[in-house]
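One structure is given below, encoded as structure tokens.
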Amino acid sequence: MIDLRSDTVTQPTPEMRSAIANATVGDDVMGEDPTVNALEEYVAELLGKEAAVYMPSGTMTNQIALRIHTEPGDEVILESEAHIYYYEGGAPAALSGVMCRLVKGDRGIFTAKDLSAVTRPTDVHFPRTRLVCVENTHNRGGGKIFPLEEIGAIAHFCQSQGLKLHMDGARLWNACIATGISPAAYAKPFDTVSVCFSKGLGAPVGSALAGSVEQMQRARRFRKMLGGGMRQAGMMAAGALYALKHHQERLQEDHDQAKILAQGLSEIPGIVVNPADVQTNIVVFQTPDRAAPELEARLLEEAGVAVFAVGAHSLRAVTSLMVSPEQIQQAVSKIAAVLS
Ligand SMILES: *Cc1c(COP(=O)(O)O)cnc(C)c1O
């Protein structure tokens with residue numbers, strides 16, 4: 001099978017497995033796991049924040065960010081297709097008791113002006129608007145990069161309104177490799193940033209939240225409350241540390257392969273995709289004459305190519321270290337054969 005469903009299917013390389021096997025560990029809930037501590041320090045440094053907390057998943061990381069910035073009844077502003085809103089099981093309502101107010105972006109990217117149009121003044125009738133979230137790169141937006149300039153304008157607006165700003169940076173590493181902008185430069189305008197190690201970086205488990213010491217103390221409390229306090233978590237943190245040190249640069253290969261894939265797909269009759277829209281490792285393509293869920297099933301059954309339907313007529317293919325350049329070429333011809 002050529003697995004293009006997600007960059008979460010990545011498995012640890014032999015070198016990563018050996019780093020995991022040799023990790024020094026301790027009880028992390030007691031703050032005694034040296035590998036987790038090293039990872040948290042390294043992430044904080046990379047993101048230019050005071051502190052970071054290792055978490056079991058990106059979902060928990062984002063949801064704890066919402067929880068530390070809000071109280072029940074508050075309002076959070078999110079882009080209409082944001083992962084936090086779309087793919088996290090209704091957690092903003094269940095875990096933080098917040099309302100989500102949505103702003104419609106262009107493939108996930110919105111402007112300070114869009115934001116000001118939905119922000120409400122202080123009034124006893126309205127929920128208190130507390131937090132704005134930005135997703136970079138944007139998953140449902142097809143891996144689109146949030147321009148740093150627009151983030152600056154959004155942060156400026158948030159400061160003027162006393163709003164906190166959180167980045168869902170599950171794929172921040174991809175945005176950094178694609179633009180040459182450092183993680184710290186991207187993180188600077190944000191109060192908190194979440195990052196994933198288990199996507200394209202290829203670590204088996206884990207994410208982190210970064211922010212101020214005070215915020216991270218609060219985050220640690222909610223992590224424990226939600227059952228995310230892990231003991232000898234250095235076994236997993238070692239994979240994340242290895243991934244940060246050895247797998248960031250190689251993300252460029254995934255981006256190059258995604259472009260090649262989009263180019264190949266764009267030449268298949270019945271598929272609509274503009275290769276110029278592909279900025280990182282996600283290719284979203286349209287099949288106007290075919291239902292995407294059916295096509296997803298047929299591609300797997302008849303061609304052994306796994307992709308995800310993400311809309312009625314749109315599908316997603318993601319490149320990662322699990323897929324070789326040869327497999328990308330094969331995927332294009334196999335998909336073409338199914339569609340012919
Ligand atoms: C994958 C992802 C997450 C977190 O996912 P988990 O599977 O919970 O680790 C968060 N945000 C975005 C944009 C993602 O793509």
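Sequence positions, counted from 1, serve as the residue numbers for this chain. Counting starts at 1 for both ligands and their atoms, in listed order. Heavy-atom basis, side chains included; hydrogens, waters and symmetry copies ignored.
- Leu261 is listed as a side-chain neighbour of Val332, based on a closest heavy-atom distance under 4.5 Å.
- With Tyr86 as reference, Glu81 is the one residue of Glu135, Glu81, Glu79 to meet the side chain to side chain contact (heavy atoms under 4.5 Å, CB included) rule.
- Taking only nitrogen or oxygen atoms, main chain and side chain alike, Arg171 reaches within less than 3.5 Å of ligand 1.
- Between Phe110 and Phe146, a ring centre-to-centre spacing shorter than 6.0 Å is recorded.
- Ligand-side atoms of ligand 1 in range of Ser57: 8 (O), 9 (O), range being under 4.0 angstrom from any heavy atom.
- The closest protein non-hydrogen atom to atom 11 (N) of ligand 1 is Asp168 OD2, 2.6 Å.
- When hydrogens are left out, the protein atom nearest atom 7 (O) of ligand 1 is Thr59 OG1, 4.5 Å; that is the closest non-hydrogen contact.
- Among Glu135, His83, His138, the residue whose heavy atom lies nearest to atom 10 (C) of ligand 1 is His83.
- Put simply, part of Glu88 is less than 4.0 Å from ligand 1, judged by heavy atoms.
- For ligand 1, the polar-atom distance check finds an N/O of Gly58 within less than 3.5 Å of one of the ligand's N/O atoms.
- At a threshold of 4.5 Å between non-hydrogen side-chain atoms, the residues Val134 and Asp168 do not count as touching.
- Taking a cut-off of under 4.0 Å to the non-hydrogen atoms of Asn139, the atoms of ligand 1 that pass are 13 (C), 14 (C), 15 (O).
- Using a 4.5 Å heavy-atom cutoff, the side chains of Asn174 and His255 are in contact.
- Side-chain atoms of Val318 and Val283, non-hydrogen and from C-beta on, never get closer than 4.5 Å to each other.
- Only the side chain of Asn62 comes within 4.0 Å of ligand 1, judged by heavy-atom distances.
- At under 3.5 Å, a nitrogen or oxygen of Lys199, whether backbone or side chain, sits near a nitrogen or oxygen of ligand 1.
- Within the cation-pi definition used here (under 6.0 Å to the ring centroid, within 45° of the axis), Lys49 does not qualify as a partner of Phe190.
- Between Thr137 and ligand 1, no N or O atom pair is found at a separation short of 3.5 Å.
- A pairwise comparison of heavy atoms in Cys176 and Tyr186 identifies SG-CD1, 3.9 Å as the closest pair.
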